[in-house]
There are 2 protein chains.
Amino acid sequence: MSGQRPTLAAVAARAGVSPSTASLAFSGAGPVAQETRERVLAAARELGYAGPDPLARSLRQGRSGIVATLIGERLLYAFRDPVAVGLLDGLAEVLSSLDSGLLLISGDATRTGPTPDQVARTPMDAVIFAMCGRDDDPLLDHFIGRGIPVVAVDGPHREDVAVLDVDDYGGSMALARHLAELGHRRIATVTLPSRLDGHRGPMSDERRAQVGFADVRQRLKAVEDVFGRVPVVETPTNIIEEGQQAAALLLAAPPAERPTAIVAQSDLLAVGVIRAALDSGLRVPDDLSVVGFDGIETPWLDHYVLTTVEQPYVEKGRVAGRMVAEFLAGRRPDDVRLPIEVRIGTTTAPPAAAGTLAP
Amino acid sequence: MSGQRPTLAAVAARAGVSPSTASLAFSGAGPVAQETRERVLAAARELGYAGPDPLARSLRQGRSGIVATLIGERLLYAFRDPVAVGLLDGLAEVLSSLDSGLLLISGDATRTGPTPDQVARTPMDAVIFAMCGRDDDPLLDHFIGRGIPVVAVDGPHREDVAVLDVDDYGGSMALARHLAELGHRRIATVTLPSRLDGHRGPMSDERRAQVGFADVRQRLKAVEDVFGRVPVVETPTNIIEEGQQAAALLLAAPPAERPTAIVAQSDLLAVGVIRAALDSGLRVPDDLSVVGFDGIETPWLDHYVLTTVEQPYVEKGRVAGRMVAEFLAGRRPDDVRLPIEVRIGTTTAPPAAAGTLAP
DNA sequence: TGTGTGACTCGAATCGATTCGATCGAATCG
DNA sequence: CGATTCGATCGAATCGATTCGAGTCACACA
């Protein structure tokens, strides 16, 4: 009705009490006579006052109740990734029990990430780097400089951030050994993005030396520690189509040079690899073994059971939430490494005899 | 180093200028000599000042740069719904161009929605009801009372909120007519949740009279306006499994009473219906015609092309974002109704002859 | 009757910036 | 050369609450 929205002071005046008392009446902290409280609430109702302004309250308390989550990719892609979705779900579950909101900050179609400006303007109590914590992300310094606690999921290992990850190296190593034991010698890898610049295709030495994401680096290193240098094709985004395209590149080689097994750095990419194989008339696992990483459930796999490393990604989100809670409580959470499990499925088998002995 | 984080005032003092000037140096508004600006920035660097506190700035400017999006369901379910995901993607795209952040507020495993308390404590410039705008949602009044602009996607239709929807009634009507023209007489419907209370099963008269969501109501009404009263089974969540379970209930009837066509209120539910049909040994569309709503692309449909109503859900998200932008610019956006298109696929056909003429 | 205790309320400082109007010197114009 | 204008800077008010220490009052206890 009136031009201006009423303030707590106005309500207090109307109720005939001081602003401090009115504040106590709303927040419930401190002793307030029952009758006084009711008078205040009545005054608020009459004036159409909906409760203390969150902004003013946040400023005073130095806390906004907002936890930001950085998603590297466009939401559309991130949401197609069951790992990302599971992570967010676990996270949301815990945050909501903390009475904190989940603010999504994502890249978009044109930019590769959020503008530093937007990040600097947004109030947040803590930030989570979800699947996009490049070791040298400039935003990291910003947050640290601001004193905003950072939880890095699979993210940069640094002194000043709390890290939550799995044993990427060990998991990938186990898969690589599995392939080696089956007799594979010609291996290739399809990797997740090594940085968010949209690059697609064979990975140059230069890029290989500058892989920005720790998990990508570890998973790649494990394979190379078993097989030595292998052909690597990089994808710009963790979606099936990119895996398919990358694998098509690898499978276009003449049969004698064609890999007998492909290590995909994610299950989603692995699905793409399988599709590419089928597209080229190859049978999986007879002509091509495929392994992934993550352990997602997906309807895209038909009757296959993917050989992969299972990681508890929903729990990962929950743990990330709990680490944030620790920070908010003023403590510095310990780094966490969640357990993984290797699952041998039906997408791996010994390589076809061709090449080892002439038929 | 020092116990406290530096403030703008400290930086100003160090640079030998007034706080007002320092503020201008950072914000870029107003004229500041090049040399002065540099002096201020240098002082900031020396003190480790990361820029103005977003909370203080927000309080003064009365704007937080945060747009909240209410998701009724648990994120895990919402993210399995391509419509929800597409909507969020379009929304995020526009919001990020507005330099606003996307705050997700969702229900969780235990509660059916966010606590009013959390909502009241969170600073936000605008709010979007995405697929959860019950006509009588108490949160609505809260936002209105706070003066926070509301954009309601698919309802609720109220004077004081901006609505963005499609012609649910018209679309469903077209589908219903299509089925009628094919000769179907025994129809049943599987609906989306009529309210978020986890109810599953046949819809009682009482619930039917109290459908909280406008789109659900319209889609149901259209079917009944063509076929009269039909059996209705309600689902608690828009996921395939629920559609399957609901349809199983309907298909358990003896053949003579079994519906020859099922109208699912979403494509996801329709996929479930098809599965249930196949589970019961029925052929689609020969023994059972199925229609959906939304027009999603999904790998779950095998070779079927679903008969459905296509709505532009990514664009829907973008438009919602633009409506928010209008509000933020101080204008009241007009309500928007996006165009839809009926797509006749391969999941509908005339009913089997049985029942009309004895073979 | 003096004093301690506890419940309740208030005043004033504070959170950290932004912004409006005023000031002041230098440059421009007639 | 005086009047205007413009650019740069500053002071002070303001955004809307929370919080802490202090003050008041009634009641109980010795």
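Here is how names work: the chains are called A, B, and so on, in the same order as the sequence lines, proteins then strands, and each is numbered from 1.
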Exactly one candidate in B/S64, B/S100, B/S58 meets side-chain hydrogen bond (donor to acceptor under 3.5 Å, both in side chains) with B/D125; the answer is B/S64
For [Y], is there an ion pair with [X] - N to carboxylate O distance below 4.0 angstrom?
X: B/D53; Y: B/R57; answer: no
X: A/K316; Y: A/D154; answer: yes
X: A/R158; Y: A/D141; answer: yes
X: A/R74; Y: B/D89; answer: yes
X: B/R14; Y: B/E46; answer: yes
X: B/R195; Y: B/D136; answer: yes
X: A/R332; Y: A/D335; answer: yes

The contact string for nucleotides 5-10 of chain C, one letter per nucleotide 5' to 3', using protein heavy atoms under 4.0 Å with B, S and - for base, sugar-phosphate only and none, comes out as ---BBB
Applying ring pair (Phe, Tyr, Trp, His ring centres under 6.0 Å) to A/F79 and not counting sequence neighbours gives B/F79
(Q) Under 4.0 Å, heavy atoms only, any strand: does B/S23 hit a base, just the sugar-phosphate, or nothing? (A) base
Item to complete: Check every strand shown and say whether A/Y49 touches a base, only sugar-phosphate, or nothing at a heavy-atom separation below 4.0 Å.
Response: sugar-phosphate
Each base of DNA chain C marked ( ) or [ ] if paired in-strand (Watson-Crick or G-U under 3.5 Å), | if paired to another strand and . if unpaired gives ||||||||||||||||||||||||||||||
Ordered by number, residues from residues 55-64 of chain B within less than 4.0 Å of DNA chain D (heavy atoms) are B/L59, B/R60
> Can a donor-acceptor pair be found between the side chains of A/S18 and A/T21 at a distance below 3.5 Å?
Replying inline: yes
Chain A reaches DNA chain D, atoms under 4.0 Å from its heavy atoms, from D/dG16 to D/dT19
From the list A/L102, A/I128, A/V127, side chain to side chain contact (heavy atoms under 4.5 Å, CB included) partner of A/V67 resolves to A/I128
Hits for side-chain contact (heavy atoms from CB on, under 4.5 Å) against A/L41, two or more places apart or cross-chain, chain-then-number order -> A/F26, A/R37, A/R45
inquiry  = Can a donor-acceptor pair be found, under 3.5 Å and without considering hydrogens, that links the side chain of B/R5 to the backbone of A/G145?
reply    = yes
